Protein chains: 2
Amino acid sequence: MKRNSRLSSTLHILVHMAEKPEQALTSEQLATFIHTNPVVVRRTIGGLRDAGIVTSSRGHGGGWLLGRAPENISLAEISVALGETLLPFSTEPESPGCLVEQAVIAVLDDFRVAAEKLLAEKLSRITLADLTADFRRRYALIGVSSHAV
Amino acid sequence: MKRNSRLSSTLHILVHMAEKPEQALTSEQLATFIHTNPVVVRRTIGGLRDAGIVTSSRGHGGGWLLGRAPENISLAEISVALGETLLPFSTEPESPGCLVEQAVIAVLDDFRVAAEKLLAEKLSRITLADLTADFRRRYALIGVSSHAV
DNA sequence: AAGAATCGTAACTAATTAAGTTACATGAAA
DNA sequence: TTTCATGTAACTTAATTAGTTACGATTCTT
């Protein structure tokens with residue numbers, strides 16, 4: 001798992017889970033999808049459990065399942081559950097009392113608040129079901145092409 | 001200079017430069033504003049020179065000046081010149097050939113392209129002059145309050 | 001009840017990235 | 001010619017995150 005790919009890796013995992021809705025997938029299985037290690041998977045998607053996006057069960061036959069229908073899981077929720085920040089820049093004060101810094105931070109924070117709202121809205125309109133639909137379309141195309149001629 | 005504060009640190013520097021438009025400021029002076037080191041300053045704002053946002057001159061009396069009026073310097077340009085990415089997540093393929101991954105990346109890239117366009121538009125409407133105006137407003141308020149009573 | 005499978009999590013290691021630092025060549029002004 | 005600047009390469013340090021090992025807790029199967 002590469003750096004900064006937590007969102008895409010998680011989506012990858014979730015699409016696989018959505019494609020096997022009746023079967024609990026183990027951390028081990030999920031890890032192989034994204035070429036990493038079961039512990040990294042547990043750590044990464046552990047937060048999704050608290051958000052109800054997935055459920056996990058221990059013991060023999062245990063593993064991970066979606067917590068609800070893919071139509072009701074938005075990328076906005078996933079992103080929040082992963083603890084991802086949508087915008088990368090920091091606006092922490094470093095020179096308390098400096099009016100120049102205060103002006104910079106004020107303007108930047110205004111922008112950030114507005115931008116995060118916009119991005120969250122856009123992400124809330126994309127659901128896991130959209131991803132599975134896209135996957136199935138691609139899968140069907142491959143199927144067709146391999147039967148063609 | 002903290003991590004991920006290159007944009008705000010640079011803006012801090014630029015506002016100081018805008019407030020002394022006739023005086024070349026040295027890397028040393030700029031560095032003290034953001035509590036770092038002259039070499040870090042040169043490295044950070046070097047890209048702004050190539051974009052025409054600032055100019056630098058060597059030798060005695062040298063230093064840094066704005067390349068044009070603050071009204072004509074947008075945060076979008078500054079962000080680009082710094083080489084900052086507006087969105088933090090990666091969509092590099094890690095499992096070439098995996099249709100699930102392809103679907104995830106396609107959806108995420110669509111989002112990214114649209115989001116970056118939106119953010120760039122918002123940033124292009126904020127200029128360095130807006131920041132200096134905000135700073136001056138704050139400065140005036142402090143002045144008033146310190147003379148009050 | 002025993003054994004196997006599985007998650008949860010702490011603790012450690014390795015890899016990566018960005019900032020900070022040192023050093024020195026280049027250029028310009030006094 | 002001396003001094004003051006930037007430009008930049010090379011190295012060190014610090015911070016973050018992924019990867020790994022280990023093991024306790026839980027649950028199913030036999």
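Since we're looking at a predicted model, the values are computed, not measured. Proteins get letters first, then strands, A, B, ... in listed order; numbering begins at 1 in each.
- The one candidate from A:Thr55, A:Leu66, A:Val54 that meets the side chain to side chain contact (heavy atoms under 4.5 Å, CB included) condition with A:Leu48 is A:Val54.
- Between the side chain of A:Arg42 and the base of D:dT20, no donor-acceptor pair under 3.5 Å is found.
- Using a 4.0 Å heavy-atom criterion, one finds that A:Gly46 contacts no nucleic acid atom at all.
- OP1 and OP2 of C:dC7 both lie 4.0 Å or more from every side-chain N or O belonging to A:Ser56.
- Distance CD1 (A:Ile45) to C1' (D:dA18): 16 Å, rounded to an integer number of Å.
- For the pair A:Leu30 CG and C:dC7 C1', the computed distance is 12 Å after rounding to whole Å.
- A side-chain donor-acceptor contact under 3.5 Å links B:Arg42 and B:Ser27.
- Spacing between atom NE2 of A:His60 and atom P of C:dT6 amounts to 6 Å, rounded to whole angstrom units.
- OP1 or OP2 of D:dG19 sits under 4.0 Å from a side-chain N or O of A:Thr36.
- Atom CG in A:Asn37 sits roughly 13 Å away from atom C1' in C:dC12 (whole-Å rounding).
- The residue among A:Lys2 and B:Arg49 whose nearest nucleotide of DNA chain D lies closer to the 5′ end is B:Arg49.
- Taking atom CD of A:Glu28 as the reference point, atom C1' of C:dA5 lies 11 Å away to the nearest angstrom.
- Atom C1' of nucleotide D:dT17 and atom CG of A:Leu82 are separated by 14 Å, given to the nearest angstrom.
- One finds no side-chain N or O of A:Thr26 lying less than 4.0 angstrom from the OP1 or OP2 phosphate oxygen of C:dT6.
- With hydrogens and angles left out, the side chain of B:Arg3 and the base of D:dT16 share no donor-acceptor pair within 3.5 Å.
- Between the side chain of B:Arg58 and the base of C:dT26 there is at least one donor-acceptor pair of N/O atoms closer than 3.5 Å.
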